[in-house]
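Working notes for the structure below.
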Amino acid sequence: MPEFKSDFLRVLSERGFIHQTSDDAGLDEIFSRETVTAYAGFDPTAASLHVGHLTLIMMLYWLQQTGHKPIVLMGGGTGMIGDPSFKDEARKLMTPDVINENVSKLKTSFTRYLEFGDGPRDAAMVDNAEWLLQLNYVQFLRDVGRHFSVNRMLSFDSVKTRLDRDQSLSFLEFNYMILQAYDFVELYRRYGCTVQMGGSDQWGNIVNGIDLGRRMDEAELFALTLPLLTTSSGAKMGKTASGAVWLSEEMLSSYDFWQYWRNTEDADVGRFLRLYTTLPMDEIARLESLDGSEINEAKKVLATEVTAMLHGREAAETAAETARKTFEEGALAESLPTVSVNRSELAEGVGLLSLFVTAGLTTSNGETRRHVRGGAVRVNDETVSDDRRRVTEEDLTSDGVVKLSLGKKKHVLVRPE
RNA sequence: GGAGGGGUGUCCGAGUGGUUAAAGGAGGCGGACUGUAAAUCCGCUGGCUUCGCCUACGUUGGUUCGAAUCCAACCCCCUCCA
């Protein structure tokens, strides 16, 4: 691994952020010489970012911390098309309404990581809909399209899977990389942005932007990509049964977010501490060297630190404390996720099956029933074997709640109202 | 526009008239073992008022006692030709 002069690249390098750059020496040069403006793009394909985006966000964080200017580019325009890179088939087109809504929701996730403002090093949030939606087709083709060779575009790995599998790649999708390339040039013109960062799957798109910048403006632009993250056992980051591990509190509680990190595989602890926390390297080295069950301490630190950055220190401490009480004392923690039921309903008795659905632990009565058969369902820590069991006021503990558990890890409190 | 191929459950993928809620795999969940880990083994994996009923194999109709399987029309995708 090369030695870098610039603070930014040194931090990224020692923490394992760098997969590939277009020019190690050139990047190092500009980062040590001046305040660099760099951007990363996020497409509004869902109403929340997920853990997979976190690496890129952390990269932007370090960029700002080491004295440079990050730009968060929302893909309000490119979202109208959909990135075909490495996808097996075309995504469904999203309606402009959904895109706009997603764009506005995604913005909130960045506020804890970056300081936005108008200063030279303040982060900026830009939406490429601003320029992409007004392009004049023929003019665009003449200005930008003439710089692209279809022969070359077809040779990119990112579209090869589609072509090799004889699946259609629509002209619409084929244009995605041109628009992303154009974004880079537009940001260079507007903000003097010279670096684009992204996942390794974006390499082709980014390099296209670099070429286009050179051809149109004789600009010297750079690419910096991140490794595509998987867990040690090869699973993609951030996938669970209930879907992705979302960053939005609305879509995933801070307690569940904390739990996700707490359950990190041993082999990933060090890597994740470096990537997703801001702890000093020697502290990470110490945590990482813990053996056997002691590594659980490191996992708790990891979970708390990552949660603190996203949801705030207080929420993280609460989640940690809730987990400690629940798992280590077996006690009933007040702050477990809670659902409320009508008190009069409870007086009559609520069916266990549907109560689990209400609590969000299962998605159907049938699923609950299967879990009962499998011995996974507990009420106040007692295994339930009768799927017709009803939950009544008599099940209320001295704390006035009923604790429902699915398996060893998922718990929800039911509170009468 | 013409010729051919295809659309199956979360995904991949078998199935070409009946015991098919649909093989197999992946993924996911649960159980055992552990350390809220990994690996391993076992179970589950459409819904419901569950000895039964309902929905489901691109859509809509039809043939039949009976269809994912046969027929017709339509929609979408792919390949080649124009």
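FYI, side chains are in, hydrogens and waters are out, and symmetry mates aren't considered; it's all heavy atoms of this structure. Lettering follows sequence order; numbering is per chain, from 1.
Regarding contacts with the backbone of B:rU49, a side-chain N or O of A:Arg369 is found under 4.0 angstrom from either OP1 or OP2. Using a 4.0 Å cut-off, no side-chain N or O of A:Arg373 falls inside it from OP1 or OP2 of B:rC29. In this structure, A:Lys410 does not reach the B:rU36 phosphate: none of its side-chain N or O atoms is under 4.0 Å from OP1 or OP2.
Across all strands shown, A:Gln259 has heavy atoms under 4.0 Å from base atoms, whether or not it also approaches the sugar-phosphate. Within 4.0 Å of A:Arg262, counting heavy atoms only, lies at least one base atom of the nucleic acid.
Between the side chains of A:Thr78 and A:Asp183, no donor-acceptor pair is found at a separation under 3.5 Å. Between the side chains of A:Thr368 and A:Thr362, a donor-acceptor pair is found at a separation under 3.5 Å.
In the set B:rA32, B:rA37, B:rG35, B:rA32 carries the atom at the smallest distance from any side-chain atom of A:Lys408.
Contacts of A:Phe116 classified as ring-ring contact (aromatic ring centres under 6.0 Å, His included), with partners at least two apart in sequence or in another chain: none.
For A:Phe8 and A:Trp62, the ring centers are positioned 6.0 Å apart or more.
Within a heavy-atom distance below 4.0 Å of RNA chain B, the residues of residues 342-368 of chain A found are A:Ser364, A:Asn365, A:Gly366.
Nucleotide B:rU20 forms no Watson-Crick or G-U wobble pair with any nucleotide shown, as no partner meets the under 3.5 Å limit on both distances.
Salt-bridge check for A:Arg370 with A:Glu367: failed, with every basic side-chain N at 4.0 Å or more from each acidic carboxylate O.
Heavy atoms of other residues, nucleotides or ligands lying less than 6.0 angstrom from CG of A:Asn136 number more than 12.
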